[in-house]
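Chain identifiers are assigned alphabetically (A, B, ...) following the order of the sequence lines, protein sequences preceding nucleic acid strands; residue numbering begins at 1 within each chain.
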Amino acid sequence: MKVIEIKNLHKIYDESTVPVHAVNGIDLSYEEGEFAAIVGPSGSGKTTMLNMLGGLDSPTKGEITINNIKISDMKPSQLIDFRLNNIGFVFQAYNLIPVLTAKENVEFIMQLQKWPKEERAKRALELMKAVGLEGRENSRPGKLSGGQQQRVAVARALASKPKFILADEPTANLDSKSTETLLDIMEKLNKEENITFIFSTHDARVVKKARRVITVEDGKVISDENK
Amino acid sequence: MIWSISWKNIWRNKLRSLIVVIAITLGLLAGVFSSALMNGIIERRIRAAIENEVSHIQIHNKNFMENIEIGYNINNANEILDKLASFPEVKHVSKRMKITAMANTPSQGTGVNLIGVYPEKEKQVSSLYKYINDSSGTYFDAKKKNSIVVSQKFADKLNLNLRSKVVLTFVGTDGTLTGAAFKVVGIFKTSNSAFDEMNAFVRFDDLARLTNFDTSSAHEIAILLNDKNQTNEVAAKIASAFPQQSTMTWLELQPDLGMIAEFLNLWLYVFVIIILLALGFGIVNTMLMAVLERVKELGMLMAVGMNKKRVFSMIMLETIFLTLTGGALGMLVGAVVVYVTGETGIDFSAYAEGFSAIGYESIVYPTIGIDYYLGVTSLVIITGVFASIYPARKALKLNPSEAIRTEM
């Protein structure tokens, strides 16, 4: 079953001065349960593509359909709600809320979705356990290592029961051991719970784990390999 | 959770938030205390005016206030006094004669408002007798004829001492000039030197006898109520009960006090608004710094689905919490300072002469009503709301995809 379908996607920056084709006619689709990486050199357009997939940026031309819903024509306010209920994000710099505990950070998304208090507390604890942070629920981000913070970020991304998770360079700030742990957790969630993960990365360790690798250069897909 | 995050967010940078809180606290302390001080001065003046000078309500012949003449009297004063006694709101009443006279001693002479009173009744509506200290005689305690109670100012002017004699000349009811020598039995000194200089008191019966005035009449009936707040309501009731007379409230008798009280009421708020306006710019600056420091985090919040309304509310709540914390502390400290100084009083004796010249006491007891604190609380919240608009708008303008990648 197709989760994402991209048709003739274009993104041109600074159209009025010197146009830069960050994404230049991409056609792609993702099936449910994929564990895919988008790779490419800096400036190749992978982050721009990921931003458009996540509804953070709008395409200049082309269509993005997620679960049969065309998001490329949505208004910004509609996109905010769409992101909340359909997409999980993991960022390079973790971006946790420093004044909240790990569990509160995970609960936060569910609160935005207006989950009942007991249910969100229960799910937050389950997710903390799933990412191997049982017992660290009440720690603030500042008291956790980079790897642990990124695992909280994964739990947060999963909290809203999204259709897929977009992870932008999730291992860029992590050491080898933390990277390995994080990738194992994500792979396990992918295999056991059929959660779709799409990474943008430079990291060879992520590429090694990915079952599909899409290489982007100059805003175009130059290869799409399934392992 | 937004409330909880907002509250926690303001304590991320404790020092910066504390500086703002202390600035608001000091600003409001200054505002509340200054307001209470000014209010205390005016309230004491109004109280003194009611207790010593005009009471709550006065009744006169309709022509009397325009032209103080002995013939413009209230004919049925005793009947009115009896009827007023049945009004439950009325505490005490006293009738007076009021004429102008010339006062002469061998060395000096001056004009004076001569007020004829029944001392025991008068003591119930006027506290003037309390302003005669032990060494300055009494308020007609000895039942001697032709006694006079004068002010220290008046005594100084005419070189009078206790038991000195002063010759008073005035016009009788038949239009002829009459007069008598009066012995000073008491010397008072109130906080209003203008009042002191203009007025002297004699027994009603002495003045009535010398002027052939009908003792069942009066020029003025002074009424003291149980509750000052009922003044207008009771005045209307009295006016309809005695339509042939003129009924005036203390505010109508001393309109300057009413105007000052009204102006002060407005000024107290203007003063606090100016303080809050100045503090508002500091709060905007602080919140702007807080927003700019959190660009990445705000970008993440918007990316994961926190809508603009919630982002705006969060920044607004942070600003309001910060402002209210300082506001509450400022008002609390202000209330304590006002309470303590309101009990002990603040002595401005060094400026007593100046205060007295304009009718004010030199010991000031700061006081302010609960409605003022509630009003200031509303103003603090409004300041918080206004101060939050610019930083919150700044946050809303962030593009999540760019904000997340911002290098801090």
Enclosure of [X] [atom1] (heavy-atom neighbours >12, cutoff 6.0 Å):
{"X": "Tyr373(B)", "atom1": "OH", "value": "yes"}
{"X": "Tyr390(B)", "atom1": "OH", "value": "no"}
{"X": "Glu262(B)", "atom1": "CD", "value": "no"}
{"X": "Arg393(B)", "atom1": "CZ", "value": "no"}
{"X": "Asn68(A)", "atom1": "CG", "value": "no"}
{"X": "Lys394(B)", "atom1": "NZ", "value": "no"}
{"X": "Trp11(B)", "atom1": "CH2", "value": "yes"}
{"X": "Asp218(A)", "atom1": "CG", "value": "no"}

Which heavy-atom pair separates [X] from [Y] by the least distance, and what is that distance?
{"X": "Met302(B)", "Y": "Arg83(A)", "result": "O-NH2, 2.8 Å"}
{"X": "Leu56(A)", "Y": "Asn399(B)", "result": "O-OD1, 4.2 Å"}
{"X": "Asn307(B)", "Y": "Ile80(A)", "result": "CA-CG2, 3.7 Å"}
{"X": "Ala93(A)", "Y": "Lys296(B)", "result": "CB-CE, 3.6 Å"}
{"X": "Asn51(A)", "Y": "Ser401(B)", "result": "ND2-CB, 3.6 Å"}
{"X": "Ala303(B)", "Y": "Phe91(A)", "result": "CB-CZ, 4.0 Å"}

So do the side chains of Phe108(A) and Leu301(B) get within less than 4.5 Å of each other, counting heavy atoms only?
-> yes
Taking side chain as C-beta onward, heavy atoms only, is Ile97(A) less than 4.5 Å from Met300(B)?
-> yes
Among Asp81(A), Asp57(A), Leu96(A), Leu112(A), single out the residue with the greatest number of heavy-atom pairs under 4.5 Å to chain B.
-> Leu112(A)
Highest number of heavy-atom pairs under 4.5 Å with chain B: which of Gln92(A), Arg156(A), Gln113(A)?
-> Arg156(A)
For Asp168(A), is it the side chain, the backbone, both or neither that has a heavy atom under 4.5 Å from a heavy atom of chain B?
-> side chain
Which answer fits Ser160(A), side chain, backbone, both or neither, if we ask what part of it has an atom under 4.5 Å from a heavy atom of chain B?
-> neither
Looking at NZ of Lys8(B) and CD of Glu104(A), how far apart are the two atoms once the value is rounded to the nearest 0.5 Å?
-> 4.0 Å
